[in-house]
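Quantities reported herein were computed from a predicted structural model and do not represent experimental measurements.
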Amino acid sequence: ERNANYLKQLTCRVYTDTSTLATALETGEIDFTADLETNGLSQFMIGDTVDESLGLIQMAGENNAFVQLMFNCSESSPCSDIKLRQAICYAIDAAGCAMQVYGALGEVCNAPTNPNLEDSGLEFGYDDYFNQDLEKARQLVEESSYNGETLELLVLPRTTVSASAVLIQNYLDQVGIKVTLNEKDMATYRKIRTSADATHDFELLGATSGDSYVYTSLKDLNAASSRSGMSLIKIQDDELQARYDAVKSQATNSPETVQALFDYVTEQCYVYGMYYSGKVMLGKDIIKQGTVVPFFGPIFNSFVIQR
């Protein structure tokens, strides 16, 4: 059925920013895109539904990507203090960040990962997962060893991540935590985050699970994959590794081991899962039918064009 319509020519175009991509769809330069973000989607949507008067159709698919904070827990960082880590999480309104990035399509994590994974779901996690509480955050700051130092937040240079960075900075300022944003190009970002002597105190990153399982969505916590024997939270934690290994192994992966890993990561406040969104694809209404393959990129989504 997918092959019933022969395409004489298929042209793929690359755009470096979402506003240019949106203009290309609006002007008819392209017929289909799966990569628009909020500032591009908003001009075509009414709430979470496409404005059909524009001659467009909408397809939706699963998306296992999500945005999280990950802390540098080494002694060299003020974030080695768990109370400061907790204060940071309680100061942030994840729903506000989701709205900033995805608009009405944004969703809030209820655990350290996106809940839409093969071995987890909304039944995992917590109803009160770091719900914003400014009073509690201020109290935790007072109880911590934080002395007003300016914390460095390393930011992944991807719009779905970086678009919430200033908002996070403002939330933390409300509870007396000073933050400077470190935003670099992708090559520099990757070099910094994996450096043994990295100076950032926490990281705002977008995580994805290539095979849609929890162990890959939390792969940065796996010390066994690092040459230094230390994960990207910059400390050794044998209990964390044991729980991670139990989820990673096909023989021991179970709802119980997944929840046990979530419990420990949340109790220790190593990672704060923040927000995500489903995949939205827009195209001209000459597209009559679309098939979305969950968890894969647009190359794996098929559509039928009728002219």
Side-chain angles (χ1 to χ4, degrees), residues 38 48 60-71 82-83 85-137 140 156 160-161 163-165 167-168 171-172 175 202-222 233 239-240 243-244 246-248 253-280 294-295:
T38 299
D48 59 358
E62 298 288 350
N63 185 6
N64 63 15
F66 65 104
V67 175
Q68 64 177 189
L69 284 179
M70 186 170 64
F71 294 95
I82 188 173
K83 289 190 174 182
R85 301 197 297 270
Q86 292 171 335
I88 290 170
C89 295
Y90 280 115
I92 296 170
D93 179 9
C97 293
M99 177 63 71
Q100 171 79 8
V101 176
Y102 290 114
L105 299 168
E107 301 283 353
V108 176
C109 296
N110 69 334
T113 68
N114 181 328
N116 297 302
L117 301 175
E118 291 289 340
D119 51 348
S120 70
L122 291 173
E123 67 272 20
F124 292 77
Y126 321 90
D127 293 334
D128 59 348
Y129 183 67
F130 289 119
N131 293 335
Q132 187 187 39
D133 188 332
L134 295 180
E135 183 177 346
K136 186 172 185 176
L140 285 164
L156 174 73
T160 51
V161 178
S164 66
L167 189 56
I168 291 170
Y171 285 140
L172 297 181
V175 299
F202 56 139
E203 179 182 357
L204 181 64
L205 68 152
T208 185
S209 182
D211 59 3
S212 303
Y213 285 90
V214 165
Y215 84 97
T216 47
S217 72
L218 291 177
K219 59 184 177 296
D220 287 336
L221 299 180
N222 182 18
I233 60 173
E239 179 63 25
L240 171 63
R243 296 195 187 201
Y244 178 87
V247 170
K248 183 180 179 182
N253 179 291
S254 68
E256 291 75 23
T257 57
V258 168
Q259 188 63 59
L261 177 61
F262 285 172
D263 288 345
Y264 191 73
V265 170
T266 303
E267 288 165 6
Q268 299 302 316
C269 202
Y270 289 146
V271 166
Y272 172 30
M274 294 179 60
Y275 60 87
Y276 64 97
S277 173
K279 187 67 134 178
V280 175
F295 303 122

From CA spacing to verdict: side chain to side chain contact (heavy atoms under 4.5 Å, CB included), D220, L205: CA-CA 11 Å; D220 287 336; L205 68 152; 3.5 Å; yes
Under a 4.5 Å cut-off applied to non-hydrogen side-chain atoms, are [X] and [Y] in contact?
| X | Y | answer |
| --- | --- | --- |
| Y276 | V67 | no |
| T160 | Y102 | yes |
| L240 | L261 | yes |
| C97 | I168 | yes |
| K248 | Y213 | no |

How close do [X] and [Y] get, heavy atom to heavy atom, and via which atoms?
| X | Y | answer |
| --- | --- | --- |
| A95 | V108 | CA-CG2, 3.5 Å |
| G125 | A111 | CA-CB, 3.9 Å |
| I92 | L69 | CD1-CD1, 3.5 Å |
| F66 | P112 | CE1-O, 3.2 Å |
| L134 | A91 | CD2-O, 3.6 Å |
| G206 | V161 | N-CG2, 3.5 Å |

Reported [atom1]-to-[atom2] distance for the pair [X] and [Y], which is rounded to 0.5 angstrom:
| X | Y | atom1 | atom2 | result |
| --- | --- | --- | --- | --- |
| I233 | C269 | CD1 | SG | 11.0 Å |
| F130 | D93 | CZ | CG | 14.5 Å |
| L117 | S212 | CG | OG | 6.5 Å |
| F124 | Q259 | CZ | CD | 6.5 Å |

Results of ring-ring contact (aromatic ring centres under 6.0 Å, His included) for [X] - residues two or more places apart only:
| X | value |
| --- | --- |
| Y244 | none |
| F262 | none |
| Y275 | none |

Donor-acceptor pair, side chain of [X] and main chain of [Y], under 3.5 angstrom:
| X | Y | answer |
| --- | --- | --- |
| Q68 | V271 | no |
| S277 | L105 | yes |
| Q86 | A137 | no |
| R243 | V265 | no |
| N114 | A65 | yes |
| T216 | K219 | no |

From CA spacing to verdict: side chain to side chain contact (heavy atoms under 4.5 Å, CB included), T266, Q268: CA-CA 5 Å; T266 303; Q268 299 302 316; over 6 Å; no
Worked check of side chain to side chain contact (heavy atoms under 4.5 Å, CB included) between M274 and C109: CA-CA 5 Å; M274 294 179 60; C109 296; 5.6 Å; no
Heavy atoms from other residues, nucleotides or ligands near CD of E135 exceed 12 (cutoff 6.0 Å): no
Verdict with reasoning, L204 to L156, per side chain to side chain contact (heavy atoms under 4.5 Å, CB included): CA-CA 6 Å; L204 181 64; L156 174 73; over 6 Å; no
Between D119 and N253, a side-chain donor and acceptor under 3.5 Å: yes
Distance-only donor-acceptor check, side chains Y126 and D263, under 3.5 Å: yes
Y272/Y129 aromatic ring centres below 6.0 Å: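 Aromatic pair counts; centres sit under 6.0 Å.
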Mutual orientation of the aromatic rings belonging to F71 and F202 [parallel < 30°, tilted 30-60°, perpendicular > 60°]: parallel
